[in-house]
Amino acid sequence: MNTIHDTRIIQLPKIPDERGNLTFIEAGRPVSFVIQRVYWIYDVPGGEVRGGHAYKELQEFFVALSGSFDVVLDDGKERKIVSLNRSYFGLYVPNMIWRHLENFSTNSVCLILASLSYSVDDYIRDYEAYLDAVRRKDICQQ
Ligand code: TYD
């Protein structure tokens with residue numbers, strides 16, 4: 001069972017240049033999963049919150065391409081908040097971690113690399129159902 005301790009901030013390569021910096025991600029490096037989908041969240045009105053769910057199987061990698069936001073991570077036992085505000089850092093989040101995104105700065109852009117295509121069935125949107133699933137997995141692993 002994944003916990004918030006399995007989430008990781010990963011520094012990305014940064015090629016500094018007087019003409020502007022460049023950062024890249026390649027297949028398998030540093031994101032270890034096969035990237036099946038890319039989406040981005042932008043034009044977030046002040047005070048809005050995105051997410052508020054967990055995924056049964058999906059792994060994700062978040063990058064603040066522009067501006068800043070906070071990713072609130074919760075494994076049913078512990079919570080932590082990761083602030084992303086540099087486009088050369090990313091946050092890896094494995095499956096079965098409850099998350100929401102908040103505190104979006106004006107004009108922020110959140111890029112998300114995902115390990116699977118979109119599937120409505122992979123979402124757990126009810127927090128009590130998430131806690132039940134965590135408890136069931138804990139019992140199975142005992
Ligand atoms: P959702 O994942 O619920 O957004 P949030 O980031 O707030 O949790 O997605 C919002 C809507 O967009 C929902 O109707 C499903 C759709 N959607 C897709 O069609 N494809 C995607 O890859 C994603 C992430 C969402």
Side-chain angles (χ1 to χ4, degrees), residues 1-17 20-142:
M1 186 67 201
N2 289 314
T3 73
I4 56 169
H5 303 286
D6 298 304
T7 67
R8 279 192 297 286
I9 289 277
I10 296 174
Q11 186 161 4
L12 301 169
K14 179 181 176 187
I15 314 293
D17 193 305
N21 300 329
L22 184 151
T23 286
F24 56 92
I25 294 172
E26 295 182 321
R29 217 170 43 146
V31 177
S32 56
F33 58 76
V34 175
I35 298 163
Q36 300 272 17
R37 177 166 50 114
V38 178
Y39 64 98
W40 47 100
I41 295 170
Y42 54 99
D43 290 348
V44 180
E48 283 296 342
V49 173
R50 299 293 313 224
H53 49 70
Y55 297 110
K56 295 172 200 165
E57 299 297 336
L58 186 71
Q59 304 170 64
E60 290 192 324
F61 189 79
F62 295 82
V63 182
L65 279 191
S66 178
S68 62
F69 52 86
D70 294 338
V71 186
V72 182
L73 301 162
D74 178 339
D75 60 17
K77 298 187 180 80
E78 292 180 90
R79 246 169 92 107
K80 78 173 173 185
I81 300 178
V82 177
S83 295
L84 291 177
N85 53 19
R86 293 278 181 270
S87 51
Y88 53 92
F89 280 100
L91 171 67
Y92 168 72
V93 180
N95 62 318
M96 286 304 285
I97 302 292
W98 189 272
R99 90 290 303 283
H100 72 261
L101 279 62
E102 63 183 22
N103 270 338
F104 287 90
S105 68
T106 306
N107 291 332
S108 56
V109 179
C110 170
L111 176 77
I112 298 122
L113 311 181
S115 66
L116 296 169
S117 301
Y118 176 74
S119 163
V120 70
D121 296 332
D122 195 45
Y123 282 71
I124 305 176
R125 290 194 178 273
D126 178 74
Y127 189 64
E128 288 306 316
Y130 169 72
L131 292 179
D132 280 349
V134 169
R135 279 187 218 112
R136 279 200 304 276
K137 281 194 190 272
D138 280 351
I139 289 166
C140 288
Q141 282 167 4
Q142 276 168 15

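Order of appearance sets the numbers: ligands from 1, and atoms from 1 within every ligand.
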So, are Lys77 and Asp138 salt-bridged, with charged N and O less than 4.0 Å apart? yes
When rounded to the nearest 0.5 Å, the distance separating CG of Leu131 from CZ of Arg136 is 11.0 Å
- Task: Would you confirm whether the ring centroid of Tyr130 sits within less than 6.0 angstrom of the ring centroid of Tyr55?
- Result: no
The atoms of ligand 1 lying under 4.0 Å from a heavy atom of Gly51, numbered in the order shown, are 5 (P), 6 (O), 7 (O), 8 (O)
message = Using a plain distance cutoff, I'd like to know if Tyr118 has any nitrogen or oxygen under 3.5 Å from a nitrogen or oxygen of ligand 1.
response = no
Rounded to the nearest 0.5 Å, the CG atom of Leu111 sits from the CG atom of Leu65 at a distance of 4.5 Å
So salt bridge (Lys or Arg N to Asp or Glu O under 4.0 Å) across residues 108-124, not counting sequence neighbours, yields none
Practice problem: Using a distance threshold of 4.0 Å (strictly less than), state whether atom 5 (P) of ligand 1 has a protein heavy-atom neighbour. | Solution: yes
Among Glu60, Arg50, His100, the residue with a heavy atom nearest to atom 7 (O) of ligand 1 is Arg50
Atom 2 (O) of ligand 1: closest protein heavy atom, distance to 0.1 Å, is Tyr123 OH, 2.5 Å
Atoms of ligand 1 under 4.0 Å from any heavy atom of Tyr39, numbered from 1 in the order shown, are 24 (C)
Pair Arg99 + Glu60, salt bridge at N-O below 4.0 Å
yes
CG of Leu84 to CZ of Phe89, rounded to nearest 0.5 Å, is 10.0 Å
closest protein heavy atom to atom 8 (O) of ligand 1 is His53 NE2, 2.6 Å
Contact region, Arg99 to ligand 1, non-hydrogen atoms below 4.0 Å, reads neither
In this structure, atom 24 (C) of ligand 1 is nearest to the protein heavy atom Arg37 NH1, 3.3 Å
Report task. State whether any protein heavy atom lies less than 4.0 Å from atom 14 (O) of ligand 1. Result -> no
the protein heavy atom lying closest to atom 3 (O) of ligand 1 turns out to be Arg125 NH2, 2.7 Å
| query | Ring centres of Phe61 and Tyr92 under 6.0 Å apart? | reply | no
